[in-house]
Amino acid sequence: MDVSDGAGRPPTGAAGRRRGDDELGRLLADHGDVVYRVARSIVRDPALADDVVQETMIKAWRSLPDRDGEPVPRAWLLKVARTTAISLLRTRRDEVRAPDQLPAADGPGVASAERTAVGRVALDEMWAALERLDETSRTIVVLRELSGLSYEEIADVIDVPLATVKTRLFRARRALQIELREWSR
Amino acid sequence: MTGPTRHPSAAALDRWLVTGRPGRVDRHVAGCDECAAALEARSELVPEMRAGLAAATAPPDDLGGRTDEAVRERIAADDALAVVLELFLLPLEVAGTIGGPEGPTARRAGPPRGPSPGGGASGEDGAGGDDDDGERSDG
């Protein structure tokens, strides 16, 4: 899958710009949440995840002229998000601190209903369990459990063989089961 | 790949889920839908865990609005920068078009006619360092 930065110019002129604006709104409505979740699973820090979403959407928007009116494929978008997140994390790691020390606390935005319902302690436990997984496994779990991607789509996004997706997913979920065994009672 | 008749035992599958060993289970699962389905079921997350995962990675409620605004600002800023760069580089392009490859070069290559009053213009063509600055800014 080609993951160029979309070097083409975005739609120009009033009509083109309006179309581009509409498309940006649609991209955010359709994919904003899942892009954020994937970004968050990689960078962990909510502010960095915000940055990843922005970068990803800009790249998607700039790729529109090359798509000839076709929608941006979700797998492409998620692959861009993952690449962007890893790249950003690498930059920050060099600049600031080790990724393991990045905060997993809530972001600057308003706490969502999902987060409020689960509770602070449970969230901390979940993050502690997630952080014991490697980045690829975390992303695979999120893509499968929350985004409903097929194994084939996940293999495309992560760029690993299909068999690897399955084995990583199964073993990561078992690790979560063990870490969070109290949740099953 | 191990044939479907030699499935690993349930205990072996459980051990593999935790330890990743033995390696032959890896190879077997890659080609056995039945065992893959068994592992899928054994490792399934309870709804509470799935809800916890969703909550842990949940976007803030205002993600769409904030991102929309930020992306539009970034795109507008990038467009403005592109226009400024074009304006900045325009004189150089014009000079290049007027002087061109046939300009100063042609005069130098032509028959000697004495000092040319416009000879200094070729030195200004060498101000290509601005091009480099423009590219750095664009990056």
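Note: hydrogens, waters and symmetry copies are ignored here, and every other heavy atom, side chains too, is used. Lettering of chains follows the sequences in order, A, B, ..., and the numbering in each one begins at 1.
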A/L130 versus chain B, heavy atoms under 4.5 Å apart: side chain, backbone, both or neither? side chain
Distance (rounded to the nearest 0.5 Å) between A/L169 CG and A/I154 CD1: 6.5 Å
CG of A/D30 to CD of A/E23, rounded to nearest 0.5 Å, is 8.5 Å
Applying a strict 4.5 Å limit to non-hydrogen atoms, the region of A/V141 in contact with chain B is both
Name the option with the most non-hydrogen atom pairs under 4.5 Å to chain A; the candidates are B/L45, B/D26, B/V46. B/L45
Can you find a side-chain donor-acceptor pair between A/R67 and A/S63 that sits under 3.5 Å? yes
Max heavy-atom pairs within cutoff under 4.5 Å with chain B, candidates A/E125, A/K166, A/E55, goes to A/E55
If you count heavy-atom pairs under 4.5 Å with chain A, which of B/M49, B/E44, B/R74 comes out on top? B/M49
Should B/V18 and B/L39 be counted in the same cluster of Ile, Leu, Val, Met, Phe, Trp and Tyr side chains packed under 4.5 Å apart? no
Heavy atom to heavy atom, less than 4.5 Å: which residues from residues 8-16 of chain B reach chain A? B/D14, B/W16
Within the side chain of A/R144, is there an N or O that forms a donor-acceptor pair under 3.5 Å with the backbone of A/L149? yes
Which heavy-atom pair separates B/E40 from A/R173 by the least distance, and what is that distance? O-NH2, 2.9 Å
Please tell me whether A/E135 and A/T139 have a donor and an acceptor in their side chains that are separated by less than 3.5 angstrom. yes
Is it the case that more than 12 heavy atoms not belonging to B/E69 sit under 6.0 Å from its CD atom? no
Minimum side-chain heavy-atom gap A/V52-A/Y36 below 4.5 Å: no
So which part of A/I178 gets closer than 4.5 Å to some heavy atom of chain B, the side chain, the backbone, both or neither? side chain
So, the part of A/L180 with a heavy atom under 4.5 Å from chain B: the answer is both
Does any part of the side chain of B/V25, heavy atoms only, come nearer than 4.5 Å to the side chain of B/P22, both counted from C-beta? yes
Side chain, backbone, both or neither: which part of B/L53 has an atom under 4.5 Å from a heavy atom of chain A? both
